[in-house]
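First the structure, in the form of structure tokens, and then the observations on it.
For ligands, and for the atoms within them, numbers begin at 1 and follow the listed sequence. Just so it is clear, the values below take in all heavy atoms, side chains as well, and ignore hydrogens, waters and symmetry mates.
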Amino acid sequence: MARFAVAVVGAAIVLASQAVALPSPPSWFWLRHKPKSPGKPLECDRASFESILPAGATLEQVTAVPLNGSYGEGTADIPYPTNPTGLPALCAVTVRVESSPTSSYRFGLFLPDEWKGKFLAIGNGGFAGGINWLDMAPGPHYGMATVSNDLGHNSSVTNLTWALHNPEAQSDFGWRAQHGCIVLGKELTRAYYGGKRIHYSYYNGCSTGGRQGLRELQEFPDSFDGALIGAPAWWTSHLNNYVTKVGLYNLPVNDTKHIPTTLMPVIAAEVVRQCDGVDGVTDGIVSSPELCTLDFSKLLCNATIPSNITTLSNTTSPSCLNPDQIQTAKNVYSDYYSSIDPGKFLYTGLTLSSEDQWFILLGGTEPSPFGVGYERNFLFGDPTWDWRTYNDTIIAYAEQTDPGRSTAAKFDIHPFKRRGGKMLMYHGLADGLVPTKGSEYYYNQTVDVFGGRLPAVTDFFRMFLIPGMQHCWTTPVDAPWNIAGAFQSGVMGSDVWSVPGFKDKRHDALLALVDWVEKGHPVDEIVATTWKSPTNYTSGVLRQRPLCPWPLKAVYDGVGDVDEAGRWLVRWRAFTDVE
Ligand SMILES: *[C@@H]1O[C@H](CO)[C@@H](O)[C@H](O)[C@H]1NC(C)=O
Ligand SMILES: *[C@@H]1O[C@H](CO)[C@@H](O)[C@H](O)[C@H]1NC(C)=O
Ligand SMILES: *[C@@H]1O[C@H](CO)[C@@H](O)[C@H](O)[C@H]1NC(C)=O
Ligand SMILES: *[C@@H]1O[C@H](CO)[C@@H](O)[C@H](O)[C@H]1NC(C)=O
Ligand SMILES: *[C@@H]1O[C@H](CO)[C@@H](O)[C@H](O)[C@H]1NC(C)=O
Ligand SMILES: *[C@@H]1O[C@H](CO)[C@@H](O)[C@H](O)[C@H]1NC(C)=O
Ligand SMILES: *[C@@H]1O[C@H](CO)[C@@H](O)[C@H](O)[C@H]1NC(C)=O
Ligand SMILES: *[C@@H]1O[C@H](CO)[C@@H](O)[C@H](O)[C@H]1NC(C)=O
Ligand SMILES: *[C@@H]1O[C@H](CO)[C@@H](O)[C@H](O)[C@H]1NC(C)=O
Ligand SMILES: CC(=O)N[C@H]1CO[C@H](CO)[C@@H](O)[C@@H]1O
């Protein structure tokens with residue numbers, strides 16, 4: 001154990017986080033010994049797992065779950081209290097691993113009776129400290145052994161106080177718990193199935209989960225053959241300060257510039273009015289926000305309305321903004337550049353059509369806990385740090401220190417590509433939490449590292465932007481959104497997996513990825529689905545549309561049913577500066 005602690009301390013003093021590889025697990029980490037009878041599967045019982053777990057790991061639970069059973073920790077799992085139901089028969093295992101003398105993480109493993117020789121790791125969301133049992137549920141339906149971990153703490157998505165003065169817990173959050181549960185999870189999987197090989201390993205995560213997946217494949221390219229990365233919160237050192245900055249655009253609440261949450265849908269509706277048709281189809285969905293130049297004057301209140309009246313209840317003409325509020329909206333859409341180091345790009349703005357989710361970052365009386373919690377508990381170690389003192393030097397400091405080394409900004413992933421790794425990234429164009437253009441920026445940076453040529457990247461890494469989809473799931477504008485990404489099954493029901501009614505590689509992005517990895521078929525399109533009631537599949541399919549690998553996009557052929565995926569063609573986006 002001591003050796004591991006030393007290695008981690010050694011890593012923590014390296015400030016330039018991109019340059020040095022993270023330490024590998026120490027020797028005590030590996031299984032104590034091979035199972036007693038090689039070739040013979042283990043029983044799903046405590047004795048079997050206890051006999052092989054390494055010294056630093058403790059067995060918590062082993063449960064044989066019958067067909068159509070349910071498993072999870074219920075409300076004891078603060079961020080993931082919903083237990084999946086309707087599971088295939090499997091062995092559920094929970095293990096706690098000491099990651100340093102003062103820290104530990106827990107992980108859960110589903111080992112399906114009908115195993116197809118595959119392994120799947122699942123991500124978390126926000127700062128959620130808990131095993132994501134609900135998101136693990138699809139894995140065994142695909143025949144995959146599936147792992148998820150609690151990132152080394154026990155908390156809700158927005159509670160970051162566990163990180164205060166706790167660099168070991170920060171490292172578990174940053175990369176260590178995720179990597180450790182993959183290494184040990186694979187060992188246990190092989191042992192459980194009698195020493196059989198794992199033929200393919202996959203990843204599925206969104207938001208923080210997207211970050212976890214990128215972090216893992218950047219540092220440990222052998223972990224996955226395929227990774228499905230949704231709306232990644234990859235640029236921790238920038239993003240978690242950016243969200244404070246965005247919050248400050250709209251504060252204090254008694255300022256004339258403040259946009260109350262009641263006006264956000266008003267802006268959203270005006271954006272749809274002006275930007276919907278720009279993509280060629282008037283359907284209430286803004287599919288090409290980058291081609292729309294919003295005329296803000298259409299949102300401006302007439303001069304007769306006093307500019308200090310900002311709430312709906314005070315105005316006679318409520319569906320409008322004062323000039324200061326217009327400026328706030330412009331700030332939110334603008335990319336963030338440093339005021340201290342002029343011209344230095346710090347983050348992309350939110351896209352047109354994200355307004356229905358602005359309440360997350362702009363709706364409070366102080367900036368989001370994703371920002372202030374990060375600054376107080378990770379960055380400054382000062383629970384009294386005053387967000388009013390935020391300034392643009394903070395990002396440079398965060399970049400240098402990168403607490404927990406959680407930032408996933410190592411764009412050179414040649415080792416992942418060389419071993420045959422494939423990655424699908426996706427991001428909702430109506431995301432109001434993690435800016436969509438940040439994924440585009442990530443993709444561009446990767447293209448640069450690969451010589452500035454798109455084909456050098458598209459042959460192993462493709463990105464799909466999903467018009468009208470918010471952060472990770474669902475839609476306020478009846479846009480097709482479901483591609484079986486992380487969290488997407490869970491919000492449809494505790495027993496849902498894949499895309500209900502369309503459990504195939506054309507509609508399910510994980511199955512598309514599997515087809516690319518295992519059969520060599522590149523993913524040229526994914527058909528997204530929505531229902532009459534967007535998260536209720538029994539309400540009936542409303543629309544399906546193909547998504548294309550960025551920068552390609554689907555265009556309606558002008559004939560037939562616009563809500564039918566087959567009526568859409570693939571076209572080049574209006575770039576002239578890429579191949
Ligand atoms: C599966 O379990 C649920 C309860 O969780 C039950 O309502 C349902 O009838 C079961 N289905 C089958 C096929 O046994
Ligand atoms: C996490 O905290 C909750 C609420 O305090 C508690 O019920 C639960 O047992 C804790 N979980 C673990 C693994 O410590
Ligand atoms: C945050 O978590 C800490 C324990 O880590 C707990 O004491 C505190 O009550 C939590 N705060 C909220 C707002 O839930
Ligand atoms: C806003 O509120 C703060 C404190 O609540 C007060 O000091 C300030 O004067 C107010 N500003 C305006 C413009 O009313
Ligand atoms: C401003 O006044 C004009 C003329 O009265 C009216 O047509 C228009 O709708 C008003 N605009 C807003 C945003 O209230
Ligand atoms: C708005 O400003 C006007 C004129 O400056 C002032 O008379 C009025 O009291 C202010 N209203 C509010 C709600 O602050
Ligand atoms: C910016 O904020 C940091 C952290 O609160 C503080 O140490 C620094 O003095 C501030 N810099 C300026 C120029 O205000
Ligand atoms: C990505 O690159 C394309 C092509 O050069 C460019 O048009 C686009 O603005 C870039 N996007 C971002 C977010 O950097
Ligand atoms: C889902 O839709 C069906 C059919 O419209 C309806 O009967 C059912 O109550 C809905 N379920 C929920 C949870 O809203
Ligand atoms: C003059 C007036 O009606 N003021 C109201 C404006 O709206 C706020 C918030 O709803 C109320 O608190 C004020 O009384």
Any protein N or O within less than 3.5 Å of an N or O in ligand 7? List each pair with its distance, or say none.
residue, atom, partner, partner atom, Å
ligand 7, 2 (O), N391, ND2, 2.3
ligand 7, 5 (O), W385, NE1, 3.1
ligand 7, 11 (N), N391, ND2, 3.0
ligand 7, 14 (O), N391, ND2, 3.3

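- When heavy-atom distances to ligand 9 are checked against a 4.0 Å cut-off, N536 comes that close only through its side chain, counted from C-beta outward.
- Each of the following atoms of ligand 9 lies closer than 4.0 Å to a heavy atom of T538: 1 (C), 2 (O), 3 (C), 4 (C).
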Show the atom names and distances, to 0.1 Å, of all donor-acceptor pairs under 3.5 Å that link a side chain in residues 477-486 to residues at least two apart or in another chain.
residue, atom, partner, partner atom, Å
W481, NE1, T530, OG1, 3.2
W481, NE1, P534, O, 3.1
N482, OD1, A484, N, 2.9

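- Partners of K116 according to the side chain to side chain contact (heavy atoms under 4.5 Å, CB included) rule, which considers only residues two or more places apart in sequence or in another chain, are K118.
- Separation of the W387 and F380 ring centroids does not fall under the 6.0 Å cut-off.
- Sequence neighbours left out, the pairs with a member in residues 230-250 that pass ring pair (Phe, Tyr, Trp, His ring centres under 6.0 Å) are W234-F411, W234-Y442, W235-H238, W235-Y347, W235-Y441, Y242-Y347.
- Taking a cutoff of 4.0 Å between a charged side-chain nitrogen and a carboxylate oxygen, D255 and K257 do not qualify as a salt bridge.
- For N83 (side chain) and G74 (main-chain N/O), a donor-acceptor pair under 3.5 Å exists by modelled atom type.
- Under 4.0 Å is where a charged nitrogen must lie from a carboxylate oxygen, and between D283 and R543 no such pair does.
- In terms of N/O distances under 3.5 Å, ligand 1 is not approached by T85.
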